[in-house]
> 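Following this message is one structure expressed as structure tokens.
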Amino acid sequence: MRRDDEVSRLLQELPLVRLAHPERTKRELLARLENQPEKRRRQVLPTVAIAAGVLIAILIPRSPADEPRVRAERSHAAIKVVRSARFESRPPRQGEEIVHLDDGRVRFDVEKLEGGERFVVLAGDGEVEVNGTSFDVDVLQGTLREVVVHEGLVTVRRLGAEVLLHEGERWPIESRSEPPEPPAARRKKVVSPDDFARGWNAFQREDYRAAAGAFAQIPPEAPLGEDAAFWLAISLTRLGDPQAGEAIQRFLKRFPRSIRATEAARLHQQK
Amino acid sequence: MRLVVSRDEIAPIADEALLEACAAGDRDALGTLFDRHSQSLASFLGRAFGRRDLEDLVQQTFIEVWRASVKFKRRSSVRTWILGIGVNVARNHSRSCNRRQLALASYADAVAGGAAPSTPDRIVEHRQKLARLEAALAELNEDLRVTFVMCELEHVPGAEAAKVLGVRVGTVWRRLHDARRMLSSAIEEE
């Protein structure tokens, strides 16, 4: 039995930790609350009002590409449907504006946000966060398919990974003709959020060749680039690959202040 | 305005709505959140920080939930958010006792329980492994232990754990890897 499997099995057998007297604990908690200063009451919408809010939210079931832009009340974004879309937008609340995009392709032009303000598109199974930018989001039946940045910066989150896209970049990596590619000098490799996870999964199943291949695809300046560089070196070391030493050196040179630097240096000395 | 009226009516109300009710001063809403999440929180805190003062830590966490309810940003599930507050409460707990010793003591209590393999030899071996695992878990540094318990035992997704712990997703993965490696070594025969 692999040791990892055995750890997993033993973990299931750890005794549960429970509150011995939950009702008493709750009573005491509520009693302690009585001594708390009264909260400044905030208007909270009852369920019916929330439902009404949803109804009055902007709902655009279908719209041609040249349809005039619609600006949501007090919204920071101009929203233009590029392809038949189903989405919902509510006015900003406590500085946070969230658009739910379930299906279709939508162009967002977002004004520069003030500090503390956020604009987030919950795009199917992904999430796109921006700060003063213009971008397209494409969702098909609840799955985030593409993000194209025309201007500014966009963060794409999906499956636990995060990628920062610059102007002219798209997610995921695909060769398409539109929009025009950025000048070569500004072009950066776009990292799929799955790249690191792929390497990590390979590493966990001790397929170090596949892990090294996946980690090597992630440039050091990308999110998780530091981690990828480190785990590339480790993967090559586990393989006994002659390039391992070079990979460790590259890591140390690029990330001298990494919390992994000591470990990497020790590894390098052993080589 | 009260969102929570009776036990029958609270079932369909989402955690997020209950938090909003808390923000408006509805104590019953906090009571409902306590009913839903207190045992999960206790399990998490007990394993990550030890069992001493557990009830007090749970209460204090929910008081912080009450205070911070207006700040909830929906960047994680309410349950994960509560666990994250629990981490801060436990870390700031001003008791003078040494947390690591507490954790070790709590796990020592648990060792007596064990599982039930088939033969006497296997029972002994199994209990020894379980004891080594529990001791090793308690010996992990706090960051590794908290992350490991949150993700592996409480099944919080790595991305959510990263948000509430204020670290990168890669850091969570790295901690999980390190913790698992150390625990794996610990259960090896000595």
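A quick note: this is a predicted structure, and the numbers were derived from the prediction, not measured. By convention in this document, chain letters (A, B, ...) are assigned in the order of the sequence lines, proteins followed by strands, and residues within each chain are numbered from 1.
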> May I ask you to test the B:W173-A:D227 pair for a side-chain heavy-atom distance under 4.5 Å?
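Not in contact.
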> Considering only heavy atoms, which portion of A:F230 lies under 4.5 Å from any heavy atom of chain B: side chain, backbone, both, or neither?
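Contact with chain B is absent: no heavy atom of A:F230 under 4.5 Å.
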> Mark yes when over 12 heavy atoms from residues, nucleotides or ligands other than A:R209 sit less than 6.0 Å from its CZ; otherwise mark no.
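At most 12 heavy atoms, drawn from other residues, nucleotides or ligands, come within 6.0 Å of this atom.
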> Examine whether an atom of B:E160 lies under 4.5 Å from a heavy atom of chain A, and if so say whether it belongs to the side chain, the backbone or both; otherwise answer neither.
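B:E160 has no heavy atom closer than 4.5 Å to chain A.
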> Measure the spacing between CD of A:E28 and CG of B:D56 and express it to the nearest 0.5 Å.
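It is 9.0 Å, given to the nearest 0.5 Å.
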> I'd like to know if the side chain of B:Q59 reaches the main chain of A:K26, judged simply by a donor and an acceptor atom lying under 3.5 Å from each other, with no hydrogens or angles considered.
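Such a contact is absent between B:Q59 side chain and A:K26 backbone.
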> Output, in order, the C-alpha distance, side-chain angles, deciding distance and verdict of side-chain contact (heavy atoms from CB on, under 4.5 Å) for B:F62 and A:R32.
CA-CA 10 Å; B:F62 275 94; A:R32 287 173 71 174; over 6 Å; no
> Check whether any side-chain heavy atom of B:H177 lies under 4.5 Å from a side-chain heavy atom of A:W200, and answer yes or no.
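Yes, at least one pair of side-chain atoms sits under 4.5 Å.
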> Would you say the side chain of A:E127 lies within less than 4.5 Å of the side chain of B:R75, judging by non-hydrogen atoms?
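No; the side chains remain at least 4.5 Å from each other.
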> Just wondering, do B:S38 and A:L19 contact through their side chains at under 4.5 Å, heavy atoms?
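The answer is yes; the side chains approach within 4.5 Å.
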> Tell me, for A:A228 versus chain B, whether the close heavy atoms (under 4.5 Å) come from the side chain, the backbone, both or neither.
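For A:A228, no heavy atom lies under 4.5 Å from chain B.
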> Start with the C-alpha distance between B:L30 and A:L29, add both sets of side-chain angles, then the distance that settles side-chain contact (heavy atoms from CB on, under 4.5 Å), and finish with yes or no.
CA-CA 10 Å; B:L30 186 74; A:L29 164 68; 4.1 Å; yes
> Side-chain contact, heavy-atom cut-off 4.5 Å: A:P22 with B:Q39?
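Answer yes - side chains close enough.
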> Answer yes or no: is there a side-chain heavy-atom contact under 4.5 Å between B:F34 and A:T25?
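Heavy-atom side-chain distance check passes, below 4.5 Å.
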> For B:R27 versus A:L30, what's the shortest heavy-atom pair and its separation?
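Closest approach of B:R27 to A:L30: O-CD2, 3.9 Å.
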